[in-house]
K.L.:
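Can you keep this structure in mind? I'll have questions shortly.
First the proteins, then the strands, lettered A, B, ... as listed; each starts at 1.
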Protein chains: 2
Amino acid sequence: MDASLFTVQPAGPEPIYRQIVEQLRRLIAGGQLGAGDALPSVREVAGFHVINPMTVSRAYSLAEAEGLLERLRGKGMVVASTSRSSQSEASRLAMLEPSLQALVRQSRELELPAERVLRRLTTLLEDEP
Amino acid sequence: MDASLFTVQPAGPEPIYRQIVEQLRRLIAGGQLGAGDALPSVREVAGFHVINPMTVSRAYSLAEAEGLLERLRGKGMVVASTSRSSQSEASRLAMLEPSLQALVRQSRELELPAERVLRRLTTLLEDEP
DNA sequence: CTATCTGTATTGTTGTATTAATACACATGG
DNA sequence: CCATGTGTATTAATACAACAATACAGATAG
């Protein structure tokens, strides 16, 4: 399947298993993953990103405990039917709040004018994916 | 002194000592800390944030190895004279790039319109410090 | 039935982050 | 001199993250 669904930074400070769970939360909230959609297998993700299968399994297990995923024994993981995809824009914006506040703090430490930061972000956002 | 110079999140995924080093980099690049300025003592920062003095010491040592700080034996740490404060705006904006790109990635995962993100960031940036 | 795919449980090892409790070398004010 | 303030080295303990290597249980296609 599509093991490139996830972006993983093994060198980053954020634990890999948590990176995956957080991306799952956003992809489901945003509607790119809908109820019933199958996820790439543990071994597939691990092989693609050259990480340990158990690390992926841990992420999936946490996502299941959180109600994001459902485990179909012998088959694999799918997005849970109770997982409401396509949440309201306001609710999705709230999920971005921590990153926004971190950005504001760093901008102030760097004494960067708001306009400069906003213009750079505009450019990055408008570049095609 | 001003042990509140730093913002520390002991519960965060980012190691405390690295949080401190990164803030030092930005505060110096932005000019809020200039060459020769004295830093709050290890025990002061540790007491204020209720963390271990050795963790702060580790941050200061790394900052010294990086050329940001100078150690005055028996006195304390000061911003290094070779530490060029007030770097160019472009150079400071470059230090913000990783956080900006992380924000863009998360916005796309959440399927949030660029305008919504920009407007929220504008509000946060224009709120008084 | 068999091979192959799922996720997972288990055990052990490695590296790192943090805390704790001392102890030391150096500088400074009284 | 002495008390007090610097930063730091040391040792031990704890916790966590990731890896490695197996092995198992269930589903499914042939």
Side-chain angles (χ1 to χ4, degrees), chain A residues 1-3 5-24 33 36-80 83, chain B residues 1-3 5-24 33 36-80 83:
Chain A
M1 291 247 178
D2 200 1
L5 227 188
F6 304 115
T7 301
V8 171
Q9 294 170 312
E14 183 95 355
I16 297 176
Y17 77 93
R18 214 176 304 173
Q19 293 180 35
I20 295 178
V21 174
E22 285 168 9
Q23 285 175 57
L24 276 172
L33 283 180
D37 286 0
L39 277 91
S41 83
V42 162
R43 290 171 177 82
E44 203 170 350
V45 176
F48 184 84
H49 291 101
V50 197
I51 57 179
N52 193 287
M54 289 310 298
T55 303
V56 184
S57 174
R58 181 172 184 183
Y60 280 6
S61 296
L62 286 181
E64 186 201 16
E66 202 175 314
L68 292 173
L69 304 182
E70 271 175 10
R71 183 183 48 174
L72 302 188
R73 277 172 299 179
K75 302 191 70 173
M77 307 291 286
V78 298
V79 177
S83 210
Chain B
M1 288 244 180
D2 200 0
L5 225 189
F6 304 116
T7 300
V8 171
Q9 293 169 314
E14 183 95 356
I16 296 176
Y17 77 93
R18 213 176 305 173
Q19 294 179 36
I20 295 177
V21 173
E22 285 167 8
Q23 285 175 57
L24 275 173
L33 284 179
D37 286 0
L39 277 90
S41 82
V42 161
R43 291 172 176 81
E44 202 170 351
V45 176
F48 184 84
H49 291 100
V50 196
I51 57 180
N52 194 285
M54 288 310 297
T55 302
V56 183
S57 175
R58 181 171 185 183
Y60 280 6
S61 296
L62 286 182
E64 186 201 17
E66 200 174 317
L68 291 172
L69 304 182
E70 269 174 11
R71 184 182 48 175
L72 302 188
R73 276 172 302 180
K75 303 191 71 176
M77 306 293 284
V78 298
V79 177
S83 211

K.L.:
What's the spacing between Thr7(B) OG1 and His49(B) NE2 if we round to 0.5 Å?
P.N.:
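Nearest 0.5 Å value for the OG1-NE2 distance: 6.5 Å.
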K.L.:
Rounded to the Å, how far apart are Leu62(B) CG and dA9(D) C1'?
P.N.:
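So the CG-C1' distance, Leu62(B) to dA9(D), works out to 15 Å.
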K.L.:
Each nucleotide N or O in nucleotides 25-30 of chain C that has a protein N or O under 3.5 Å away: list the pair and distance.
P.N.:
none

K.L.:
Would one find a side-chain N or O of Ser41(A) under 4.0 angstrom from OP1 or OP2 of dC5(C)?
P.N.:
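The answer is no; no side-chain N or O of Ser41(A) sits under 4.0 Å from OP1 or OP2.
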K.L.:
Could you check how far CE of Met77(A) sits from C1' of dT6(C), rounded to whole Å?
P.N.:
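One finds 11 Å between C1' of dT6(C) and CE of Met77(A), rounded.
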K.L.:
Would you say that Leu39(B) contacts Phe6(B) through its side chain, given a criterion of any heavy-atom pair below 4.5 Å between the two side chains?
P.N.:
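Sidechains of Phe6(B) and Leu39(B): in contact.
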K.L.:
In the structure I gave you, are the side-chain heavy atoms of Val56(B) and Phe48(B) within less than 4.5 Å of one another anywhere?
P.N.:
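No, their side chains stay 4.5 Å or more apart.
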K.L.:
Quick one: salt bridge (Lys or Arg N to Asp or Glu O under 4.0 Å) partners of Arg71(B), sequence neighbours excluded?
P.N.:
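Result, salt bridge (Lys or Arg N to Asp or Glu O under 4.0 Å) vs Arg71(B): Glu64(B).
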K.L.:
Please list, chain by chain and in numerical order, all residues satisfying salt bridge (Lys or Arg N to Asp or Glu O under 4.0 Å) with Glu14(A), sequence neighbours excluded.
P.N.:
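None.
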K.L.:
Is the shortest side-chain N/O distance from Arg58(B) to OP1 or OP2 of dT8(D) below 4.0 Å?
P.N.:
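Checking Arg58(B) against dT8(D): no side-chain N or O falls below 4.0 Å of OP1 or OP2.
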K.L.:
Got a sec, which residues hit salt bridge (Lys or Arg N to Asp or Glu O under 4.0 Å) with Arg43(A), two or more places apart in sequence or on another chain?
P.N.:
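So Arg43(A) forms no salt bridge (Lys or Arg N to Asp or Glu O under 4.0 Å) with any residue.
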K.L.:
Take atom CD of Glu14(A) and atom P of dA18(D), then tell me their distance rounded to the nearest Å.
P.N.:
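Distance check: Glu14(A) CD to dA18(D) P gives 9 Å.
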K.L.:
Given dG7(D), is OP1 or OP2 found less than 4.0 Å from the side-chain N or O atoms of Ser61(B)?
P.N.:
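It does not, given that no N or O in the side chain of Ser61(B) lies less than 4.0 Å from OP1 or OP2 of dG7(D).
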K.L.:
Just the rounded figure in Å: distance from C1' of dG7(D) to CG of Leu39(B).
P.N.:
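Answer to the nearest Å: 13 Å.
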K.L.:
Side-chain contact, heavy-atom cut-off 4.5 Å: Leu33(A) with Leu5(A)?
P.N.:
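With C-beta onward as the side chain, the pair touches.
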K.L.:
For dT6(D), does OP1 or OP2 lie under 4.0 Å from any side-chain N or O of Arg71(B)?
P.N.:
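For dT6(D), OP1/OP2 do not have a side-chain N/O of Arg71(B) under 4.0 Å.
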K.L.:
Provide, to the nearest angstrom, the distance between the CD atom belonging to Gln19(A) and the C1' atom belonging to dA17(D).
P.N.:
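Result: 12 Å.
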K.L.:
Atom CG of Leu24(B) and atom CG of Leu62(B): how far apart are they, to the nearest 0.5 Å?
P.N.:
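The distance works out to 10.5 Å.
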K.L.:
Think Ser57(B) has a side-chain N or O under 4.0 angstrom from the OP1 or OP2 of dG7(D)?
P.N.:
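Looking at the OP1 and OP2 atoms of dG7(D), neither is under 4.0 Å from any side-chain N or O of Ser57(B).
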K.L.:
Measure the distance from CD on Glu64(A) to P on dG7(C) and round it to the nearest whole Å.
P.N.:
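In whole Å, dG7(C) P lies 11 Å from Glu64(A) CD.
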K.L.:
Given dA17(D), is OP1 or OP2 found less than 4.0 Å from the side-chain N or O atoms of Tyr17(A)?
P.N.:
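Result: yes.
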K.L.:
Please list, chain by chain and in numerical order, all residues satisfying salt bridge (Lys or Arg N to Asp or Glu O under 4.0 Å) with Glu22(A), sequence neighbours excluded.
P.N.:
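None.
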K.L.:
To the nearest Å, give me how far apart NE2 (His49(A)) and C1' (dA17(D)) are.
P.N.:
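My rounded result for the distance is 18 Å.
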K.L.:
Please state how far atom CD1 in Ile20(A) lies from atom C1' in dA17(D), giving the value in whole angstrom units.
P.N.:
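These atoms are roughly 13 Å apart.
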K.L.:
Check the interface with nucleotides 19-23 of chain C: list each N/O to N/O pair with the protein under 3.5 Å, or write none.
P.N.:
residue: dT19(C); atom: OP2; partner: Asn52(B); partner atom: N; Å: 2.9
residue: dT19(C); atom: OP2; partner: Thr55(B); partner atom: OG1; Å: 3.0
residue: dA20(C); atom: N7; partner: Asn52(B); partner atom: ND2; Å: 3.4

